Amino acid sequence: MFAVSAPYLFFTIILISFVALTILELLRTSNRYSGFVRFLLFNIILLLGTWSLCWYNDIRNDPSWFGNEKNGKTGSSFIAKITGDPAEKEKVWKLPVTILYTQLDNEIKTSTGEAFVYVYKYNRSFPFAKGDTIIVPDKWKPIENQGNPFEFDYSAYCARNNLYYQQFIAPNKIKLWGKTSGHDKTIIETSHDWCMAQLEKYIPDPTAKGLIQAMILGDVTNLDEHLLVAYSETGIVHIIAISGGNVTIFFSVICFLLWWLRNKKHLWIKYIIALPLVWFYIFMAGAPPSAVRAAIMFSILAIGFALQKNSNSLNQLFATAVILLLAQPMWLYSLGFQLSFIAVLSLILFYKPVYNLLAPVHKMSKALWSTASASIAAEMLVAPMIIYYFHLFPLLFIFANIAAFLFMTIVLILGIAVIALFFVPALAKIVGILTAWLIIYFNDLVYRLQDLNPASFHYLRLSSLELILFYICLAGISTFILRKIKPALFTGLATACLLLFSFCSDEWTALHQKRIVVYNINKINHIELIEGKYYSILNTSDSVAENKKAYTLKPAHTSWMAWKGKDRPARDIFLIGDRTVLLLDSTAYLEDSFHVDYVIIKWPTKRMKPQKIRDVFSPRTIVLGNTNNRRLIDKWYEKCKEKNIPLHTTTYDRAFVLE
């Protein structure tokens with residue numbers, strides 16, 4: 001007997017299935033089972049081929065992956081290259097690195113893989129930059145979530161990008177192996193940095209500069225966070241991402257420069273000239289999934305024009321998806337890929353039917369209705385995804401998208417002009433001031449539209465099952481309207497009834513819920529009582545920024561449908577089902593003994609002793625939230641472990657939910 005690895009076995013099965021399928025196709029037998037066999041073999045090839053591709057793209061299956069070498073031994077270290085600009089956080093600098101070598105027992109071997117290195121801040125300036133090669137110790141920790149209810153699954157997101165480890169380290173524990181120089185950069189990186197410098201030089205307003213840099217070059221380093229939220233909540237965040245709109249405008253500029261090729265027969269020449277320029281631009285902008293999707297679709301269209309082939313939008317879209325997923329299978333889970341793919345699919349399916357609902361006569365009304373039709377058509381499939389992922393729906397999306405389309409077209413052209421006019425600094429400065437002025441006024445409009453959106457539209461929710469039912473309902477009803485197929489109507493209406501039943505069930509569950517939650521927020525002991533469709537804050541820290549707490553609290557409030565706050569109850573003992581919970585913040589309760597099921601420490605003090613709390617209350621579990629004093633938490637953890645006292649700390653055991 002000999003061992004055969006899974007991928008080789010699957011490759012063998014694929015090869016055998018492919019040969020069998022080829023023989024069946026050549027023979028074209030009339031056997032009644034031949035169609036079923038072809039279908040079965042084709043799906044075996046597809047399934048195993050997909051699995052093999054995913055296996056190949058998983059960095060953990062690479063023998064040289066640094067995760068296979070880490071062992072925590074003293075003296076072992078890794079040589080890594082900083083692959084991105086250091087991102088400044090509240091107390092650390094975040095460095096994306098790629099591992100080059102592993103150093104163990106005076107032996108250096110080539111390694112591969114990516115990770116994050118968080119460097120604690122000191123008063124002095126940060127000594128490292130993109131492109132530097134550094135030596136870091138073997139202090140890697142798995143990337144984990146905080147364990148809060150309904151939080152964003154950051155560890156899964158990183159894993160799909162082949163990121164599994166991180167480490168937090170002081171700057172004096174890092175050694176500089178090699179300093180970067182300008183000669184180390186590729187022509188794409190040099191072009192990106194040069195374009196960023198031109199926009200930095202000629203766009204005076206910082207907010208406008210950050211937005212135009214994100215829109216043209218895909219660099220969000222200087223993008224204002226509050227502005228990004230406003231664009232998201234008004235439904236126009238897509239204009240910030242590099243996508244089909246950027247490619248269209250970029251191609252329009254190229255066509256303008258090639259105005260002398262007026263004959264329609266020569267249109268293919270413009271496409272062929274634009275093709276390498278578009279791809280250069282996409283890579284210069286960081287090659288996000290939405291941009292690569294647009295570039296591939298443009299490439300297929302350009303090649304079709306060159307070969308004088310008729311284009312088919314659906315074929316182009318699905319061919320683009322296949323090519324993207326062959327290159328990066330995990331892009332299937334990328335939100336940018338999903339939204340851009342679904343938006344284009346929605347436009348292909350629904351744009352003409354929506355546009356044909358009205359018949360405007362004047363050119364201006366036609367242009368406005370065309371933009372509004374595109375907005376409505378795209379939202380038909382995108383809106384459920386927006387609600388599912390972001391829990392919001394922009395009520396004024398039609399008006400916002402019309403304004404955003406005009407704004408994006410003008411600003412992108414002006415931004416390109418600022419870069420192109422570098423050799424005439426005075427003119428570039430004038431165009432830059434005009435661009436900043438336009439962005440400032442448009443941002444003011446966006447903030448006004450954000451304020452007009454009802455508060456309830458920021459806390460919408462759809463479960464995975466409800467999302468599927470919504471799409472089935474939409475498919476059935478739209479198929480009946482467009483194709484007049486009655487079974488589709490019955491399917492859509494039946495699914496709509498199931499969807500309404502699910503909504504009613506969610507509402508009933510929310511109205512009858514009651515729970516206490518101790519969240520795992522860094523250095524905050526935040527405790528809430530969720531009762532019905534309201535939440536009450538039982539304990540928190542007022543010194544922490546609200547946006548930091550909202551990042552953790554909003555997903556929970558939305559998913560539990562309890563986003564309205566009410567005053568804190570004037571008591572410290574609560575009944576959750578048949579279990580009693582005591583919130584303890586002083587030693588006053590330690591005088592008299594009585595039984596409770598759970599004791600939640602609001603703020604631990606040196607006078608509080610785990611042994612005393614167990615003797616007085618005999619609780620099932622003592623719950624200790626995050627506080628500023630990590631040493632005190634560690635002491636409690638050690639004492640409870642020594643005395644065999646059940647202890648739940650959010651620092652080590654994640655959030656505590658009693659329902």
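The first residue in the sequence is number 1, and the count goes up from there. Keep in mind the model is a prediction, meaning the values are calculated, not measured.
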When rounded to the nearest 0.5 angstrom, what distance separates [atom1] in [X] from [atom2] in [Y]?
X: Asn525; Y: Tyr519; atom1: CG; atom2: OH; value: 12.5 Å
X: Trp331; Y: Leu324; atom1: CH2; atom2: CG; value: 6.0 Å
X: Glu531; Y: Phe574; atom1: CD; atom2: CZ; value: 9.0 Å

Give a yes or no on whether the backbone of [Y] and the side-chain of [X] come within a donor-acceptor separation of less than 3.5 Å.
X: Arg579; Y: Glu659; result: yes
X: Asn148; Y: Asn520; result: yes
X: Ser340; Y: Phe337; result: yes
X: Arg654; Y: Gln146; result: no
X: Arg515; Y: Leu658; result: no
X: Asp62; Y: Asp58; result: no
X: Ser111; Y: Leu100; result: no
X: Lys121; Y: Lys89; result: yes
X: Asp219; Y: Gln213; result: no

Non-hydrogen side-chain atoms of Leu582 and Ile600 separated by less than 4.5 Å: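 No - every pair of side-chain heavy atoms lies 4.5 Å or more apart.
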Check whether any side-chain heavy atom of Ile169 lies under 4.5 Å from a side-chain heavy atom of Val117, and answer yes or no.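 Result yes, sub-4.5 Å side-chain heavy-atom pair found.
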Between [X] and [Y], does the ring centre distance come in under 6.0 Å?
X: Tyr101; Y: Phe78; result: no
X: Phe656; Y: Tyr598; result: yes
X: Trp560; Y: Phe150; result: yes
X: Trp563; Y: Tyr459; result: yes

Least distance between heavy atoms, [X] atom then [Y] atom:
X: Ile622; Y: Ile601; answer: CG2-CG1, 4.0 Å
X: Pro142; Y: Gln166; answer: O-NE2, 4.0 Å
X: Asn61; Y: Trp55; answer: ND2-O, 2.9 Å
X: Gly113; Y: Trp65; answer: CA-CD1, 3.9 Å

Mutual orientation of the aromatic rings belonging to Tyr154 and Phe152 [parallel < 30°, tilted 30-60°, perpendicular > 60°]: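 Tyr154 and Phe152: tilted rings.
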Is it true that [Y] and [X] share a donor-acceptor pair across their side chains at a distance under 3.5 Å?
X: Tyr652; Y: Asp634; answer: yes
X: Glu466; Y: Ser502; answer: yes
X: Ser155; Y: Asp153; answer: yes
X: Gln103; Y: Ser77; answer: yes
X: His648; Y: Thr621; answer: no

Could you tell me whether Lys179 and Asp132 make a salt bridge, using a distance below 4.0 angstrom between a side-chain N and a carboxylate O?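 Looking at Asp132 together with Lys179, the answer is yes, because their closest N to O distance falls below 4.0 Å.
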Walk me through it: do Asn522 and Ile524 pass the test side chain to side chain contact (heavy atoms under 4.5 Å, CB included)? CA-CA 6 Å; Asn522 186 30; Ile524 304 175; over 6 Å; no
Atom OH of Tyr118: over 12 foreign heavy atoms under 6.0 Å: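 Counting other residues, nucleotides and ligands, OH of Tyr118 exceeds 12 neighbours.
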Side-chain polar contacts of residues 386-393 - donor-acceptor pairs under 3.5 angstrom, sequence neighbours left out - could you list them?
unit_1, atom_1, unit_2, atom_2, d
Tyr388, OH, Ser464, OG, 2.9
Tyr389, OH, Gln338, OE1, 2.7
His391, ND1, Leu460, O, 3.1

